[in-house]
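To keep things clear, I will list the structure first and then write my remarks on it.
Just so it is clear: chains get the letters A, B, ... in the order the sequence lines come, proteins before strands, and each one is counted from 1. Here the structure is a predicted model, which is why all the values come from computation and not from measurement.
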Amino acid sequence: MSIIKHLQNSTIESLSALYNQSFTDKDFQINQTKPEFEGDYTVVMFSLVKSLKLSPDAIGNLLGEHLVKNNPQLFTAYNIIKGFLNLTVADAYWQDLLQKNYNDSCYGKKEMTGKKVMVEYASPNTNKPLHLGHLRNIFLGWSVAEILKANGYEVIKSCIVNDRGIHICKSMIAWQLFANGATPESTGIKGDHFVGEYYVKFNDAYKAEVEKLINEGIDKATAEKEAPIMKATKQMLLDWEDGKPEVKELWRTMNSWVYTGFDVTYNSIGADFDKTYYESNTYLLGKDIVQQGMDKKVFYQKDDSSIWIDLTAEGLDEKIVQRSDGTSVYITQDIGLALQKYEQYKIEQSIYVIGNEQNYHMKVLKLICQKLGMPNAENIFHLSYGMVELTSGKMKSREGTVVDADDIVDEMISTSQQHTEELGKVKDFTADELKAMYKTIGLGAMKFYLLRVDPKKTMVFNPAESIDFHGFTGPFVQYTYARIKSILRKQTDNGHPDSYREAIDNLQMTNDSITNDLLKAEKEVIVVAEQYPSAIEQACTEHNPSVIANYVFHLAKTFNSFYSEHSIAGAETESKKQLRLKISLLTANIIKSGMNLMGIAVPERM
RNA sequence: GGCUCGGUAGCUCAGUUGGAUAGAGCAUCAGCCUUCUAAGCUGAGGGUCAUUGGUUCGAAUCCAAUCCGAGUCACCA
């Protein structure tokens, strides 16, 4: 139980004993005490004034006295300033917390609940390589999955690959026209980039054809429709749907190039999926559901035989679910897939990591699923994230201002190498160790940078700043970890993590005031460490990894102050040394655990 | 135009179930390495929390209006 929860409960008990009135934890507020005042946690009196009809100071005095008197193991002192009751938490409480958790690598995580959640993320198209926006999506999805696991959920990570449709045919047509049989193997270009080049070539050729037609006096709309390359593409889509063998063959081949390329990227950034859905398999799903929806009178048919749902009562529009020619639209297959996910995995919650431009679509999807009475439809959650913009404005593929995922990852890794070499920290590492470290730091910087912002918000990607390894960054936190590990290693004979505990526990303990009283800097680290379980919980309820990023940075910062102020290995007494080593080990464990929740590795040395 | 989201330091972001003098990082300036890794620590300057009004003991946080920005409103996906 957190210290805040303890304080809430004690306050409720004391108020009940003092005033014979019952309160809940919503009737008053508890904050961490501001540093300029004496105390650790503060009960705000104002909200109690009305129901008790007493002055804030009068309540505070009685409450403070009662709390300290009846919970001596928790609170040792109190003071009241302008209606704020500041309580000092007993050193023994912090010592006890430290003792119980300093060697627990699972500290802060919850027991399994037996509940299943699916997190769908990444969801790329197979006509071009991944870009910076995908990275935000992938890091978010991965991290949210880990955060859910830490909160006791069983998580299935899934991905829906958009592997069919007109955009795929564009790359295919362009390849037929311009490639002369070239392949990723023959050119040495990564498969997804290779296919992406033909998507670009399509657009160039299409643009040229349209311009030519317009110059011949044809109006723009007609030109766009009649451009030969576009007509060929549309025909190809029809051929694909008819299952024409040579089209299917080309489609399979080009998609496989893309998948090979994606796998390289996923591998390098540490993304994986338990289940991959392909749109070519799911795009016909949901047709029978449309019929069921008709029977349930959720849907209705118009005169031209197209089928609709009326969501005007919910403040939305009418939405089509089946075309007049009887074919499905985009949302139909989403409904079908939502049901399939449930039936295959019996999930209680379905999370979709999708950009905020689809807010409306996802709102409609959820509503339809609910109206159809689909199980757990109320637990469909759209984890909507904001676009990544550049300092120069938006990323636009047509203007070539898209930041490629592979490029930026490579750049981060080589920057980390450059920084490391400049700092002269490469002395006693092997080549393999160096390579691994550059990757850990470069990727860590990248992931931290994209995850430290609230997912909902549009964020600006500033190349210069993202490459910074100081301050509120991944490398800062990693560095704190590496420094702690360096100290711990030196306390053991073999430098092995398994020996840390033994080495710490073997120190001579004395029982004196130097040991028992916590210094300010020591206590501050434990106070922050105590908040880790709450941070994990909050990150989960908000589906928000930035909570973890902010927390872990705060912890590292607090530890660094402590580190620079007091010697750990050279502490005044053996027992003080033991205390500080425990604080260090606990901090290292939390940093590693928290960073892992964001998919970020921590280096033992850097 | 309707709906949704956003506007906090020069820049990037925290902080919003209403609480004390609004916080970090970057950048700028000034200090700290014969002592556990200086990718660190300490300090300084920098704010009309978009604007106006309201609610109350108290508003960055809640309400209303206005201004600015983004997204969306396809028988596209």
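In this model, no side-chain donor or acceptor of K557(A) finds a partner on the base of A24(B) within 3.5 Å. Between the side chain of K425(A) and the base of U37(B) there is at least one donor-acceptor pair of N/O atoms closer than 3.5 Å. Under 3.5 Å, the side chain of T480(A) and the base of A39(B) form no donor-acceptor pair of N or O atoms.
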Under the ring-ring contact (aromatic ring centres under 6.0 Å, His included) rule, what do Y551(A) and Y532(A) come out as? Steps first, then yes or no, please. CA-CA 8 Å; Y551(A) 171 80; Y532(A) 183 50; 5.4 Å; yes

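The shortest distance between the side-chain N/O atoms of N560(A) and the OP1/OP2 oxygens of C41(B) is below 4.0 Å. Contact between the side-chain N/O atoms of Y479(A) and the OP1/OP2 oxygens of A39(B) is found at a separation under 4.0 Å. The side chain of S47(A) contributes no N or O atom lying less than 4.0 Å from OP1 or OP2 of G19(B). The side chain of R489(A) places no N or O atom within less than 4.0 Å of a non-bridging phosphate oxygen (OP1 or OP2) of C36(B). Checking the phosphate oxygens (OP1, OP2) of U72(B), no side-chain nitrogen or oxygen of H361(A) falls inside 4.0 Å.
Because its NZ or CZ atom is both nearer than 6.0 Å to the ring centre of W308(A) and within 45° of the ring axis, K302(A) counts as a cation-pi partner of that residue. For the pair R452(A) and F472(A), the distance from NZ or CZ to the six-membered ring centre is under 6.0 Å and the angle to the ring normal is within 45 degrees. Taking the ring axis of Y563(A) as reference, the NZ or CZ atom of R483(A) stays within 45° of it and closer than 6.0 Å to the ring centre.
The side-chain contact (heavy atoms from CB on, under 4.5 Å) check on Q333(A) picks up E279(A), T282(A), Y283(A), Y330(A), with sequence neighbours excluded.
Comparing atom distances between the F469(A) side chain and each of A20(B), A39(B), C41(B) picks out A39(B) as nearest. Closest approach to the S486(A) side chain among C36(B), A39(B), U21(B) is made by C36(B) (side chain taken as heavy atoms from C-beta onward). Checking G19(B), A20(B), G25(B) against the side-chain heavy atoms of T33(A) singles out A20(B) as nearest. Side-chain atoms of D468(A) lie closest to C26(B) of the nucleotides A39(B), C26(B), A38(B). In the set A24(B), A39(B), G40(B), A24(B) carries the atom at the smallest distance from any side-chain atom of F553(A). Listed nucleotides A39(B), A77(B), C36(B) differ in distance to H167(A); the shortest reach to its side chain belongs to A77(B). With distances taken from any side-chain atom of F37(A) to the nucleotides A20(B), G40(B), U72(B), the minimum falls on A20(B). Comparing A20(B), U12(B), C41(B) against the side chain of S564(A) picks out C41(B) as the nearest. Of all nucleotides listed (A38(B), A77(B), G19(B)), G19(B) comes nearest to the side chain of N31(A).
Remark: ring of F46(A) not stacked against base of G58(B); the cut-offs of centroid gap under 5.5 Å and plane tilt under 30° are not jointly satisfied.
As judged by a 4.0 angstrom heavy-atom cut-off over every strand, T327(A) is placed among residues making no nucleic acid contact.
Rounded to a whole Å, the CZ atom of F448(A) is 14 Å from the P atom of C13(B). What separates CD1 of I81(A) from C1' of A20(B) is a distance of 9 Å, to the nearest Å. Separating the CG atom of L85(A) from the C1' atom of A20(B) is a distance of 14 Å, rounded to the nearest angstrom. Per the geometry, CG belonging to L316(A) stands 16 Å off P belonging to G2(B), to the nearest Å. In this structure, K490(A) atom NZ and U35(B) atom P are separated by 12 Å, rounded to whole Å. Rounded to an integer number of Å, the gap from CE of M230(A) to P of C76(B) is 14 Å.
Glycosidic torsion of C67(B) falls outside 90° of 0, placing the base in anti.
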Please list each protein N or O that sits under 3.5 Å from an N or O in nucleotides 14-18 of chain B, with the distance.
residue, atom, partner, partner atom, Å
A14(B), OP1, D454(A), N, 2.7
A14(B), OP2, K457(A), NZ, 2.9

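Screening E565(A), E522(A), E574(A) for a salt bridge (charged side-chain N to carboxylate O under 4.0 Å, His left out) with R580(A), the sole residue that qualifies is E522(A). Screening Y449(A), F469(A), F553(A) for a ring pair (Phe, Tyr, Trp, His ring centres under 6.0 Å) involving F476(A) leaves a single residue, F553(A).
Centroid-to-centroid, the aromatic rings of F84(A) and F46(A) come within less than 6.0 Å.
Each of F472(A) and L423(A) was matched to the nucleotide of RNA chain B holding its nearest heavy atom; the match closer to the 5' end belongs to F472(A).
In RNA chain B, the stems built from three or more successive Watson-Crick or G-U pairs (distances below 3.5 Å) are B:1-7 with B:67-73, B:10-13 with B:23-26, B:28-32 with B:40-44, B:50-54 with B:62-66.
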